[in-house]
*Asks:* 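Provided herewith is a single structure, encoded as structure tokens, for subsequent inquiry.
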Amino acid sequence: MDNLSCTMIIFGGTGDLTKRKLIPAIHQLEKEKHLPKEFRVIGIGRRDLSQEEYNAMLYKGIKDYTNIETNQKLWNEVSEKIYYLKMDFTKFSDYKKLYEYLLEDSKKKEISSNLMFYLAVSPEYFGAIVNNLNENNIIDENNQWNRMV
């Protein structure tokens, strides 16, 4: 894994910031071939959505809130990098879902990828999210790097 490859984990993955700004920006980076090959997004939300419903919601956001030109082929390339994980980020026990999801994806016994956490939630949740990530061993020295936005 190179230093540019990463998993972007968006807390608030069903919110306005994600639909209006984050996913359109990722779409544009993919369109311009600026994303690393090993890049993916995990959108975390509390809504009961299937992967297909989540992708449709994000695509609608691009269409409704931006003037970005897109087509189904390009959106398919972008959406292949996006995953939805239903969890309540206010509950300590739900972080086990995220840990297991990352662990399963790594095909190893440890999470060893670059992780970027985007907190697209109210600031009142920032401390709890960071503490829960740390206490559930999601942020640790095995990662090449961790970033919090």
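Keep in mind the model is a prediction, meaning the values are calculated, not measured.
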*Asks:* Do Y95 and I129 have side-chain heavy atoms sitting under 4.5 Å apart?
*Replies:*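 Side chain of Y95 against side chain of I129, heavy atoms only: contact under 4.5 Å found.
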
*Asks:* Looking at I10 and A120, what are the two nearest heavy atoms and their distance?
*Replies:*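 It is CG2-CB, 4.1 Å.
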
*Asks:* To the nearest 0.5 angstrom, please state how far the CG atom of L119 sits from the CD1 atom of I9.
*Replies:*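 Between L119 CG and I9 CD1, I get 10.5 Å after rounding to 0.5 Å.
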
*Asks:* Keeping N136 on the side-chain end and I138 on the backbone end, is there a donor-acceptor pair under 3.5 Å?
*Replies:*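 No, the answer is negative, given that no donor and acceptor are paired below the 3.5 Å cut-off.
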
*Asks:* Could you tell me whether the side chain of F126 reaches within less than 4.5 Å of the side chain of V121, counting heavy atoms only?
*Replies:*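 Yes, at least one pair of side-chain atoms sits under 4.5 Å.
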
*Asks:* Where is the tightest heavy-atom contact between W145 and C6, given as atom of each residue plus distance?
*Replies:*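 Reported closest heavy-atom pair: CH2-CB, 3.7 Å.
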
*Asks:* Between I42 and R40, which heavy-atom pair has the shortest distance, and what is it?
*Replies:*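 I42 and R40 have their closest heavy atoms at CD1-NH1, 3.8 Å.
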
*Asks:* Mind checking whether F11 and Y118 have ring centres under 6.0 Å apart?
*Replies:*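 No, the ring centres sit 6.0 Å or more apart.
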
*Asks:* Only pairs at least two apart or in different chains count here, so list each side-chain hydrogen bond (donor to acceptor under 3.5 Å, both in side chains) that has a residue in residues 17-30.
*Replies:*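 Of all non-adjacent pairs touching residues 17-30, those that pass side-chain hydrogen bond (donor to acceptor under 3.5 Å, both in side chains) are H27-T70, Q28-E32.
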
*Asks:* Give, for atom CG of L74 and atom CD of E69, the distance between the pair rounded to the nearest 0.5 Å.
*Replies:*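 Rounded to the nearest 0.5 Å, the CG-CD separation comes to 10.5 Å.
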
*Asks:* How about N67: does its CG atom have over 12 heavy atoms from other parts shown lying under 6.0 Å from it?
*Replies:*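 Counting neighbours around CG of N67, 12 or fewer heavy atoms of other residues, nucleotides or ligands fall under 6.0 Å, so no.
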
*Asks:* Looking at every non-hydrogen atom in both residues, tell me the closest pair between P24 and I62 and how far apart they are.
*Replies:*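 Of all heavy-atom pairs spanning P24 and I62, the closest is CG-CG1, 4.0 Å.
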
*Asks:* Can you hop from L17 to L29 via hydrophobic side chains spaced under 4.5 Å?
*Replies:*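 Yes: a chain of side-chain contacts under 4.5 Å links L17 to L29.
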
*Asks:* Check K81 against P36 and note the closest heavy-atom contact, atom names and distance.
*Replies:*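 For K81 versus P36, the nearest heavy atoms are NZ-O, 4.2 Å.
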
*Asks:* Could you check whether N76 and Q72, counting side-chain N and O atoms only, form a donor-acceptor pair closer than 3.5 Å?
*Replies:*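 Present: a donor and an acceptor within the cut-off.
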
*Asks:* Report yes or no: is the cationic atom of R147 (NZ for Lys, CZ for Arg) under 6.0 Å from the centre of the six-membered ring of F117, at an angle within 45° of the ring normal?
*Replies:*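 Pair R147/F117 does not count as cation-pi.
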
*Asks:* Is R47 close to M57 at the side-chain level, that is, under 4.5 Å between some pair of heavy atoms?
*Replies:*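 SC-SC contact between M57 and R47 confirmed.
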
*Asks:* Going through the checks in order, is the side-chain contact (heavy atoms from CB on, under 4.5 Å) test met by L115 and L102?
*Replies:* CA-CA 10 Å; L115 300 176; L102 291 167; 4.2 Å; yes

*Asks:* Counting C-beta onward and ignoring hydrogens, is there a side-chain heavy-atom pair between M148 and I139 closer than 4.5 Å?
*Replies:*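 Yes, their side chains come closer than 4.5 Å.
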
*Asks:* List the residues meeting ring pair (Phe, Tyr, Trp, His ring centres under 6.0 Å) with Y59, not counting sequence neighbours, and say none if there are none.
*Replies:*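 Y59: ring pair (Phe, Tyr, Trp, His ring centres under 6.0 Å) contacts with W75.
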
*Asks:* Let me confirm one number: the NZ-CG distance from K86 to L49, rounded to the nearest 0.5 Å.
*Replies:*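 Between atom NZ of K86 and atom CG of L49 there are 9.5 Å.
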
*Asks:* Does any non-hydrogen side-chain atom of N146 lie less than 4.5 Å from one of L133?
*Replies:*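 With C-beta onward as the side chain, the pair stays apart.
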
*Asks:* First locate atom CZ of R46, then atom CG of D94, and finally report the distance between them rounded to the nearest 0.5 Å.
*Replies:*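 One gets 10.0 Å once the value is rounded to the nearest 0.5 Å.
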
*Asks:* Check whether any side-chain heavy atom of Y83 sits under 4.5 Å from a side-chain heavy atom of Y101, and report yes or no.
*Replies:*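 Counting from C-beta outward, Y83 and Y101 do come under 4.5 Å.
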
*Asks:* CD1 of I23 to OG of S79: how many Å apart, nearest 0.5 Å?
*Replies:*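 Rounded to the nearest 0.5 Å, the CD1-OG separation comes to 10.0 Å.
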
*Asks:* Do F39 and T7 have side-chain heavy atoms sitting under 4.5 Å apart?
*Replies:*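 The answer is no, as the side chains (C-beta and beyond) never meet within the 4.5 Å cut-off.
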
*Asks:* How far does CE of M8 sit from CD1 of I82, to the nearest 0.5 angstrom?
*Replies:*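 Going from CE on M8 over to CD1 on I82, the span is 10.0 Å.
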
*Asks:* Okay, side chain of N134, backbone of V130: is any donor-acceptor separation there less than 3.5 Å?
*Replies:*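 Such a contact is absent between N134 side chain and V130 backbone.
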
*Asks:* Can you see which heavy atom on Y99 is nearest to which on N137, and at what distance?
*Replies:*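 In terms of heavy atoms, the two residues are closest at CE1-O, 3.6 Å.
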
